[in-house]
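In what follows, a single structure is set out as structure tokens and then discussed.
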2 protein chains.
Amino acid sequence: MTTAGTARETTTRTGPAAARQHTLRERNLELIARAVFEVPEPLSRAGLAAATGLARATVSTLVDQLVAARLVRELPAVNGGRAGRPAVPLVPAPRSVVGLGLEVNVDYLGARVLDLTGDVVAERVVPGAFHDSDPTAVLRRLGDLAREMSDGVAAAGMTVAGARLALPGLVDPRTGLLEVAPNLGWSSLEPVPLLGLGETEVRIANEAKLAALAELAGGSDVAAPDSFIFVSGDVGIGAAIVVDRELFLGERGWNGEIGHVVVDPAGPRCSCGAFGCLEQYAGKVAMMRAAGLPPDAPLASLVTQLADGDAALRAGDRAAPTAGDRAALPAGRALGSALADFVNLFDVATIVLGGAYTELLPWLRADVEAVLADRVLAAPFVDLEVRAAQAGPHAALTGGARQVLQAVLADPAAWV
Amino acid sequence: MTTAGTARETTTRTGPAAARQHTLRERNLELIARAVFEVPEPLSRAGLAAATGLARATVSTLVDQLVAARLVRELPAVNGGRAGRPAVPLVPAPRSVVGLGLEVNVDYLGARVLDLTGDVVAERVVPGAFHDSDPTAVLRRLGDLAREMSDGVAAAGMTVAGARLALPGLVDPRTGLLEVAPNLGWSSLEPVPLLGLGETEVRIANEAKLAALAELAGGSDVAAPDSFIFVSGDVGIGAAIVVDRELFLGERGWNGEIGHVVVDPAGPRCSCGAFGCLEQYAGKVAMMRAAGLPPDAPLASLVTQLADGDAALRAGDRAAPTAGDRAALPAGRALGSALADFVNLFDVATIVLGGAYTELLPWLRADVEAVLADRVLAAPFVDLEVRAAQAGPHAALTGGARQVLQAVLADPAAWV
DNA sequence: GCGTAATAGTTCATCCGTACAACAAATGCG
DNA sequence: CGCATTTGTTGTACGGATGAACTATTACGC
């Protein structure tokens with residue numbers, strides 16, 4: 001009737017682990033590490049104590065461990081113009097522990113190494129055409145490139161904490177399995193072993209998800225939002241959700257497929273089988289076609305055409321709508337419509353547009369914002385913001401490297 | 001140049017608090033409490049030690065505190081047929097600490113008291129017509145009812161740990177502000193003070209969100225999923241997202257507005273101003289109208305009509321499509337389409353249909369599942385499941401009370 | 001019926017990590 | 001030059017988890 005007292009072997013749910021003494025140390029190490037990394041101006045030991053609420057003595061011992069682990073570095077003591085012993089500013093250690101971001105996409109593969117300060121230590125991007133490519137060959141090539149860079153930074157005394165491989169497709173980060181990457185023509189394979197990087201821990205992720213993480217670094221002038229929807233437009237359209245600076249992945253990491261939200265069931269048939277998906281209006285191919293340009297033309301040609309249209313408009317030639325207008329308008333309204341659904345379902349008020357949309361934003365913004373204001377139920381009560389992505393090109397490389405370094409910060413005890 | 005060493009008063013982000021000694025005790029108390037409540041069969045102190053990894057001595061002191069706090073109760077010692085001292089099974093304490101769920105909806109108001117075992121200790125539901133009602137009068141009435149029940153259970157020696165008020169509208173749980181509840185005709189008010197329950201802590205929440213929490217209790221036969229999308233269909237259509245047994249609320253708790261996902265931009269105009277919202281196909285009014293019934297007829301009339309249609313169909317009268325068919329089909333396909341968008345954006349594979357949809361599910365399932373299988377990108381790789389809600393009527397009352405009790409479990413140290 | 005093994009629960013010395021207070025170090029200011 | 005002020009370190013105290021030893025209570029074999 002009852003099994004009370006029996007040690008049950010079938011653990012129903014693996015709940016949180018019991019808290020021991022060393023759990024305290026681990027948590028506080030993390031607290032200190034995060035504080036050092038996230039504060040705009042460097043803090044001293046005493047400053048960290050005030051910021052975290054820990055005692056100065058405790059902070060001292062923790063900081064000493066982080067310094068010994070080469071995660072934190074002491075700057076020369078500086079006196080802030082006040083009386084008292086000068087403080088020792090503590091900063092993330094440059095060129096010590098680094099993260100490696102890898103990516104295979106349709107038109108390039110690449111690798112980027114970031115250190116804890118966010119600096120790019122090394123980078124290699126190789127253009128190519130990987131549509132319908134052979135995963136074994138491509139991944140071996142990327143693996144060779146990664147090993148080269150890895151050896152280089154190791155020779156300079158740095159430690160590679162891990163790597164993330166960004167792929168444009170349905171990826172399960174937990175199992176390491178790529179289900180399908182339509183634009184690469186890859187399916188049902190385990191990419192990590194094919195890289196041949198036995199020594200470093202590599203995990204895979206969706207390209208848009210990692211690109212979103214790159215946004216968390218913020219721009220030169222504008223701070224990164226804590227929660228946002230990141231939409232990356234290219235041939236396909238992917239999205240990622242960041243809530244409180246953490247990726248929201250759903251059950252398997254297959255969320256954010258905004259490209260196949262139906263905008264109009266009477267619209268053109270999509271490659272996925274449905275009709276009127278967003279991709280058919282705001283995907284790169286659709287936008288190019290609407291502008292009368294060849295589908296595989298570079299994005300720049302669309303941008304110049306749109307800019308020319310603006311110039312003509314400013315010159316007073318209002319009568320003639322340009323090809324650019326025809327291109328931008330349907331994409332903008334369709335994107336706005338899909339984003340309105342997204343915001344209604346998620347309640348995240350900041351939308352970051354990446355990929356091709358970053359450059360096209362001037363011609364999309366008005367339509368997107370108008371549709372959002374109309375269609376988002378909470379619009380009267382909240383400031384919806386549409387902004388351009390701040391991270392530069394190949395953002396997924398940066399995001400992947402950042403994710404590795406975030407993992408280091410989340411468990412600095414592993415490095416002491 | 002640098003402010004190192006300055007205790008900064010402007011805390012950039014209120015990160016996690018520093019871990020002290022008592023943090024250990026709090027976390028482990030929570031661990032034990034959750035284990036007692038979530039395990040199917042009652043465990044003894046030794047069983048808990050094995051399940052949590054804590055030492056038997058530690059578990060003993062923690063359990064003693066929980067028993068003293070009246071959160072856990074010891075059952076008579078039972079021997080499982082094995083040698084050794086008989087074990088003392090530990091169970092959630094009945095009729096000791098209780099949670100209070102409150103709700104105002106269009107056609108009723110009510111209150112329900114649940115104890116830690118999940119039993120309904122007391123309940124009052126008052127039918128009414130609160131469309132375009134006066135919030136002050138209605139909330140005072142509910143407050144009176146709540147105080148009555150609260151006094152009753154207090155007289156029986158129980159402690160009311162808190163209350164949750166469920167409302168059908170845009171609600172910000174953090175500020176306690178109701179922005180708008182269209183079907184009640186309420187807007188921009190703070191409902192909690194109007195209840196007049198000064199002594200107990202009351203928080204507000206959206207009705208669908210709390211109804212979703214009620215699902216976590218599971219049914220008599222079927223276990224509750226850990227992550228699911230809960231859709232509650234009535235006049236309006238609301239949804240909630242539960243991930244790992246926790247509500248996902250977005251930035252303000254205004255997510256899940258699936259009723260205004262656009263299914264067809266060429267569709268009928270919605271009250272929200274857009275065209276072809278899901279509500280225009282699968283809202284109760286739309287379904288009634290499509291079935292040729294008066295919009296305010298009870299749901300049961302639609303169900304009987306549909307059942308009659310089935311009977312006619314079984315009788316071989318295949319030539320004549322019934323009015324029920326006309327009602328169910330557009331609603332089912334529209335619902336499937338909006339859910340497909342939802343799943344594509346969220347990657348949560350289990351969908352629980354509540355409200356009116358629970359009873360209508362037999363006539364919706366085929367269409368919903370067919371559209372999902374077509375439109376969800378991950379459908380080939382994951383088992384999508386559509387199931388009926390398990391919680392009974394007025395689920396938000398149960399969910400609200402459960403949320404109060406969950407808060408108790410999350411911080412049992414406050415009760416020792 | 002009794003000894004032994006087995007299991008549950010408790011007691012106690014120990015260890016670990018944080019807190020607090022006292023102290024040393026280093027600076028500005030009158 | 002002395003004093004106030006702030007930073008960083010040292011030493012003691014305290015809270016909480018641990019493991020071993022101990023008690024309590026049963027089943028089982030002889």
Side-chain angles (χ1 to χ4, degrees), chain A residues 2-8 16-32 42-67 72 74-90 413 416, chain B residues 2-8 17-32 42-68 72 74-90 413 416:
Chain A
T2 173
T3 58
T6 322
R8 51 187 55 236
R20 322 290 168 84
Q21 298 290 116
H22 62 84
T23 312
L24 281 188
R25 172 121 315 184
E26 288 161 13
R27 264 196 55 174
N28 286 335
L29 265 177
E30 178 187 348
L31 188 69
I32 296 291
L43 289 178
S44 66
R45 288 169 171 82
L48 286 169
T52 59
L54 288 166
R56 283 213 310 276
T58 310
V59 171
S60 255
T61 62
L62 293 173
V63 165
D64 289 347
Q65 291 184 48
L66 291 176
V67 169
V72 168
E74 296 179 313
L75 293 185
V78 158
N79 193 299
R82 297 182 322 284
R85 174 172 169 174
V88 178
L90 301 164
V416 302
Chain B
T2 173
T3 59
T6 322
R8 52 186 55 235
R20 323 290 167 86
Q21 294 291 116
H22 62 85
T23 311
L24 281 187
R25 170 113 327 173
E26 287 160 15
R27 264 197 56 173
N28 285 334
L29 266 178
E30 178 187 348
L31 188 69
I32 296 292
L43 289 179
S44 65
R45 288 170 171 80
L48 286 169
T52 59
L54 289 165
R56 282 213 312 275
T58 310
V59 172
S60 255
T61 61
L62 293 172
V63 165
D64 289 347
Q65 293 185 44
L66 290 175
V67 169
V72 168
E74 296 179 314
L75 292 185
V78 158
N79 193 297
R82 295 182 323 283
R85 175 173 171 173
V88 178
L90 302 164
V416 301

Kindly give the atom pairs (protein nitrogen or oxygen, nucleotide nitrogen or oxygen) under 3.5 Å for nucleotides 27-29 of chain C.
{"residue": "dT27(C)", "atom": "O2", "partner": "Gly84(A)", "partner atom": "N", "Å": "3.1"}

Specify the separation, in whole Å, of atom CZ of Arg27(B) and atom C1' of dT18(C). 17 Å

Those residues that, when tested against Arg85(A), pass side-chain contact (heavy atoms from CB on, under 4.5 Å) (two or more places apart): none

Heavy-atom nearest pair, Leu43(A) first then Ala51(A), reads CD1-CB, 4.1 Å

Is there a side-chain contact between Ser60(A) and the phosphate of dG8(D), meaning an N or O under 4.0 Å from OP1 or OP2? no

To check you understand the geometry: which heavy-atom pair defines the closest contact between Pro89(A) and Pro42(A), and what is its length? CB-CB, 4.0 Å

Do you know which of Ile32(B), Leu29(B), Val88(B) makes side chain to side chain contact (heavy atoms under 4.5 Å, CB included) with Val63(B)? Ile32(B)

How close or far is atom P of dT7(D) from atom CG of Leu90(A), stated in whole angstroms? 12 Å

Under 3.5 Å, which protein N or O atoms sit close to an N or O of nucleotides 14-17 of chain D? Give each pair with its distance.
{"residue": "dG15(D)", "atom": "N2", "partner": "Gln21(A)", "partner atom": "NE2", "Å": "3.2"}
{"residue": "dG15(D)", "atom": "N2", "partner": "Gln21(B)", "partner atom": "NE2", "Å": "2.8"}
{"residue": "dG15(D)", "atom": "N3", "partner": "Gln21(B)", "partner atom": "NE2", "Å": "2.7"}
{"residue": "dA17(D)", "atom": "OP1", "partner": "Asn28(B)", "partner atom": "ND2", "Å": "3.1"}
{"residue": "dA17(D)", "atom": "OP2", "partner": "Arg25(B)", "partner atom": "NE", "Å": "3.3"}
{"residue": "dA17(D)", "atom": "OP2", "partner": "Arg25(B)", "partner atom": "NH2", "Å": "2.3"}

State whether the side chain of Asn28(A) and the backbone N or O of Ala18(B) hold a donor-acceptor pair below 3.5 Å, judged by distance alone. no

5' precedence on DNA chain C between Ala57(B) and Ala18(B) (nearest-nucleotide basis): Ala57(B)

Please name all residues satisfying salt bridge (Lys or Arg N to Asp or Glu O under 4.0 Å) with Glu26(B), sequence neighbours left out, ordered by chain then number. none

Across all chains, not counting sequence neighbours, the side-chain contact (heavy atoms from CB on, under 4.5 Å) partners of Ala83(A) are none

For residues 50-67 of chain A, which residue pairs pass the side chain to side chain donor-acceptor pair (under 3.5 Å) check, not counting sequence neighbours? Arg45(A)-Asp64(A)

Length of the line joining Leu43(A):CG and dT6(D):C1', which is rounded to integer Å: 15 Å

Ignoring hydrogens and geometry beyond distance, is the side chain of Arg56(A) in donor-acceptor contact with the base of dG8(D) at under 3.5 Å? yes

Testing the basics here: between Leu24(B) and Arg20(A), what is the closest heavy-atom pair and its distance to 0.1 Å? CD2-O, 3.0 Å

Quick one: Leu31(A) CG to dG17(C) C1', roughly how many Å, whole number? 15 Å

Starting at CG of Leu29(A) and ending at P of dC16(C), how long is that distance when rounded to a whole Å? 16 Å

